[in-house]
There are 2 protein chains.
Amino acid sequence: MNENRHLTMKDIARELGVSVATVSRALSDSPSISRERRLAIQQYAREHNYFPNIIAEQLRHSRRNPSHAIGVIVPELVHYYFSSILDGIEGEASARGYQIMVAKSNESYEREVQICEAMLKNKVCGIIVSQAKDTEQYDHFKHLEAAGVPLVFFDRICPALNASRVVVDDYMGTLNAVSYLISTGCKRVAFYGAPMNMMIAKNRYNGYRDALYKNGLEVDESLVRICDNRADAERITPAMMRMENRPDAFFAVNDETAIGILTVVKRLGFSIPDDVSICGFTNGFRATVCDPMLTTVEQRGTQVGKEAADILIGLVEGSLPADHAEKRIVKTRLVIRGTTRHL
Amino acid sequence: MNENRHLTMKDIARELGVSVATVSRALSDSPSISRERRLAIQQYAREHNYFPNIIAEQLRHSRRNPSHAIGVIVPELVHYYFSSILDGIEGEASARGYQIMVAKSNESYEREVQICEAMLKNKVCGIIVSQAKDTEQYDHFKHLEAAGVPLVFFDRICPALNASRVVVDDYMGTLNAVSYLISTGCKRVAFYGAPMNMMIAKNRYNGYRDALYKNGLEVDESLVRICDNRADAERITPAMMRMENRPDAFFAVNDETAIGILTVVKRLGFSIPDDVSICGFTNGFRATVCDPMLTTVEQRGTQVGKEAADILIGLVEGSLPADHAEKRIVKTRLVIRGTTRHL
DNA sequence: TAAATAAATGCAATCGTTTGCGTTATCCAA
DNA sequence: TTGGATAACGCAAACGATTGCATTTATTTA
């Protein structure tokens with residue numbers, strides 16, 4: 001019937017013997033079109049389910065109105081935290097009339113650059129991004145800014161760019177969690193952190209260190225390890241537990257790592273939390289599945305996503321000045337469960 | 001400098017004293033432009049980082065070429081299976097030069113309709129969708145098809161529409177899993193399923209029933225429950241275990257439910273898998289976190305997503321006829337872990 | 001009855017590209 | 001000198017919608 005062509009105003013105009021301009025005005029309820037003609041046109045459009053071509057609309061308005069598509073770049077998709085982020089962004093975006101366009105970088109710098117290009121071509125109105133781990137050049141981000149596409153970073157921040165960002169309070173989150181471990185009587189708290197080239201890793205380490213200091217404890221380097229996944233945790237933890245002066249608590253950079261520790265500690269016959277306390281960071285699916293359930297720092301990805309979308313839309317719509325770098329910090333919350341002793 | 005305006009061909013043309021057509025041809029390496037002019041134009045464009053306006057390109061080509069944006073509608077985002085789906089779609093799409101536009105329906109019919117409208121307006125070239133639970137009208141999908149936007153369903157299928165689809169082999173997956181439970185010596189296998197208005201629920205139930213029959217067992221209705229989440233599982237399982245003729249195995253419609261069962265069964269002092277076997281469906285994050293680790297049917301969301309994207313792109317690019325309804329079934333795989341006895 | 005006013009509609013430019021076709025310039029052969 | 005190729009470029013229409021301005025028609029007023 002419509003042979004894969006969309007119905008256009010021109011078609012309606014031809015069919016009803018009026019001009020395209022009249023159709024346009026009628027459909028936008030302009031009072032300058034007579035009532036009967038207006039209704040006739042609207043009815044015809046409805047019956048043949050006419051749909052405005054947004055491409056043409058956008059082209060026409062490209063000077064004034066930006067598009068309503070927000071680009072989102074995440075390192076991974078199958079990942080609790082990033083899913084939550086997406087969820088938060090989607091919620092805020094859809095509530096304010098925006099669509100989201102999602103791509104994953106796979107932790108690859110090259111892919112990240114490609115994605116930026118593709119998104120620029122697709123005329124997203126702005127981009128929310130958590131960098132890939134191996135990104136150390138920032139030209140692609142600078143190009144975007146030069147092209148007038150606002151950028152909001154989350155989680156993994158680009159220090160070289162004074163861009164808007166929203167991060168969780170890694171420092172305080174860790175400080176509070178470790179302080180809690182100490183307050184329940186733990187004296188030797190181990191720390192499994194991510195590689196220190198990421199801000200987020202540094203901040204968590206600093207939180208750990210300061211929690212010890214504030215409680216009159218020293219940092220024992222033999223209790224600090226670079227380890228941010230389960231496999232590594234299962235590999236290095238046995239040796240840790242066989243030390244003569246073994247830890248009586250673990251703080252892990254994420255839940256996944258914490259689960260690795262928990263698995264090993266249980267297998268070695270220690271009791272949790274009596275012999276060993278464990279605290280994670282995320283509060284994802286895993287936290288309530290393990291036995292005992294995991295005490296962890298809630299990272300509130302949904303809130304982070306929501307704030308990021310709010311900033312971006314503010315930048316796009318002008319309620320935030322374009323050259324302003326808005327920086328927000330989302331507070332974390334310690335969720336106490338079974339892997340830690342009680343006060 | 002560029003005062004928020006993008007550099008256009010017209011700008012280049014003016015600056016270099018040629019026509020817009022010449023610029024266009026030069027940038028697309030047309031041989032009809034003299035070598036020096038071509039290089040000069042290309043260099044100017046590069047130096048001032050010119051970027052073609054995809055909106056205008058699309059408008060020009062809208063008759064022949066569809067856009068390269070694929071719409072994806074999922075009921076939830078913070079969900080292992082749907083994350084995997086997204087991951088599969090994104091992988092296939094980006095490899096073939098497509099972007100994905102994601103929205104979540106929140107299991108709401110109303111929202112689903114809104115999203116379809118928005119995506120139609122945004123001129124996606126096609127849509128991949130898993131319906132919301134409460135969707136029982138299909139006009140919005142029919143409108144899309146009428147507008148020439150191909151549709152691919154996954155997981156939750158719309159029976160009223162003869163559309164392309166990709167589903168996992170729920171029937172065989174369940175049949176194999178339950179058969180395995182029986183082969184390890186279980187005689188009374190309970191079944192926790194989703195509400196039967198979803199195809200996926202029916203197929204799994206049929207798989208369960210036929211596995212019993214094939215092994216000479218009868219369906220005992222007291223062992224069959226509608227239950228597809230953890231909270232419900234924790235609520236109804238204690239009574240189940242206190243029956244005089246209690247089950248010696250559970251098959252659950254998803255891992256989450258299986259974890260609920262596992263938690264209760266352990267708390268009641270039964271030993272897993274000696275007293276009770278448990279089998280889930282998904283093989284997500286949870287499966288390797290619980291103790292013992294969960295035997296489960298791997299749902300292969302990434303593969304499902306990949307196939308769905310493959311079909312959709314085929315439909316869009318014409319390698320699949322537009323009126324053809326491609327139906328694919330992704331095979332599942334039983335992953336045997338600690339919650340079931342060995343042979 | 002003519003002029004002024006108001007109401008309803010059409011014309012045409014515009015957004016940034018692409019592309020069929022026509023135009024100009026250049027050169028060579030007849 | 002003229003005709004015909006060929007190369008290099010420009011013109012202008014098109015994609016589908018919006019909108020300032022001009023135009024037409026109907027209505028009112030003097």
Side-chain angles (χ1 to χ4, degrees), chain A residues 2-42 45 48-68 120-123 125 147-148, chain B residues 2-42 45 48-68 120-123 125 147-148:
Chain A
N2 62 3
E3 67 218 7
N4 205 12
R5 263 201 62 225
H6 287 197
L7 186 68
T8 73
M9 286 193 172
K10 196 191 278 182
D11 299 324
I12 301 182
R14 186 176 359 87
E15 213 58 33
L16 265 49
V18 297
S19 78
V20 178
T22 301
V23 175
S24 173
R25 293 195 176 93
L27 292 179
S28 60
D29 269 326
S30 161
S32 70
I33 300 299
S34 70
R35 190 182 144 77
E36 38 182 337
R37 221 188 253 293
R38 187 158 23 105
L39 294 180
I41 291 174
Q42 292 178 350
H48 297 70
N49 60 67
Y50 164 79
F51 230 87
N53 184 326
I54 204 185
I55 307 269
E57 269 177 344
Q58 279 186 172
L59 178 57
R60 184 90 226 295
H61 290 145
S62 51
R63 275 283 154 71
R64 278 157 301 181
N65 309 355
S67 86
H68 275 50
L120 192 49
K121 283 188 67 170
N122 275 311
K123 286 271 179 292
C125 64
Chain B
N2 62 3
E3 66 218 10
N4 207 14
R5 263 202 63 225
H6 288 199
L7 185 69
T8 74
M9 287 192 172
K10 196 190 279 184
D11 299 324
I12 302 183
R14 188 178 358 89
E15 212 58 33
L16 264 52
V18 297
S19 78
V20 178
T22 301
V23 175
S24 173
R25 293 194 174 92
L27 292 180
S28 60
D29 268 326
S30 160
S32 71
I33 301 299
S34 70
R35 189 184 145 75
E36 37 180 339
R37 220 185 252 295
R38 187 158 21 106
L39 294 180
I41 290 174
Q42 292 178 350
H48 296 70
N49 61 65
Y50 164 79
F51 231 88
N53 184 326
I54 203 185
I55 307 268
E57 268 177 347
Q58 280 185 173
L59 179 57
R60 186 90 228 295
H61 289 147
S62 52
R63 275 283 152 73
R64 277 156 302 183
N65 310 352
S67 85
H68 274 52
L120 192 49
K121 284 188 67 172
N122 275 78
K123 285 272 179 291
C125 63

Show me, pair by pair, the donor-acceptor contacts under 3.5 angstrom made by side chains of residues 34-42 of chain B, not counting sequence neighbours?
from    : atom 1 : to      : atom 2 : distance (Å)
B/Arg38 : NE     : B/Ile33 : O      : 3.4
B/Gln42 : NE2    : B/Ala26 : O      : 2.9
B/Gln42 : NE2    : B/Asp29 : OD1    : 2.9

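Applying the side chain to side chain donor-acceptor pair (under 3.5 Å) test to B/Ser32 and every residue at least two apart in sequence or in another chain returns B/Ser30.
Nucleotide C/dT17 holds its P atom 12 Å from the CZ atom of B/Phe51, rounded to whole Å. Between the CD1 atom of B/Ile33 and the C1' atom of C/dT19 there is a distance of 12 Å, rounded to whole Å. For A/Asp11 and D/dA14, the CG to C1' distance is 15 Å, given to the nearest whole Å. Rounded to whole Å, atom P of D/dG16 lies 7 Å from atom CG of A/Asn53. Here D/dT19 presents its P atom at 6 Å from CZ of A/Arg60, a figure rounded to the nearest Å. Atoms CE (B/Met9) and P (C/dC15) sit 15 Å apart, rounded to a whole Å. Rounded to whole angstrom, the span from the CG atom of B/Leu27 across to the P atom of D/dC9 amounts to 13 Å. Rounded to whole Å, the distance from CZ on A/Arg38 to P on C/dA8 is 9 Å.
In this structure the side chain of B/Leu7 never reaches within 4.5 angstrom of the side chain of B/Phe51, judged on heavy atoms.
Within residues 15-26 of chain B, the residues approached by DNA chain C to less than 4.0 Å at the level of any non-hydrogen atom are B/Val20, B/Ala21, B/Ser24, B/Arg25, in residue-number order.
The minimum heavy-atom distance between B/Ile12 and B/Ala45, with the atom names listed, is CD1-CB, 4.1 Å. A pairwise comparison of heavy atoms in A/Leu27 and A/Tyr50 identifies CD1-CE2, 3.6 Å as the closest pair. The shortest heavy-atom contact between A/Leu59 and B/Ala56 is CD1-CB, 3.9 Å.
Taking 4.0 angstrom as the limit, B/Lys10 places none of its side-chain polar atoms (N or O) nearer than this to OP1 or OP2 of C/dT17. At least one side-chain nitrogen or oxygen of B/Tyr50 sits closer than 4.0 Å to the OP1 or OP2 atom of C/dT17.
In terms of modelled atom types and a separation under 3.5 Å, the side chain of A/Ser28 and the main chain of A/Ser24 share a donor-acceptor contact.
Residue-level contact check: B/Ser34 touches the backbone only, with heavy atoms under 4.0 Å from sugar-phosphate atoms and none from bases.
For B/Glu57, the side-chain atoms get nearest to C/dT18 when compared with the rest of C/dG16, C/dT18, D/dA17.
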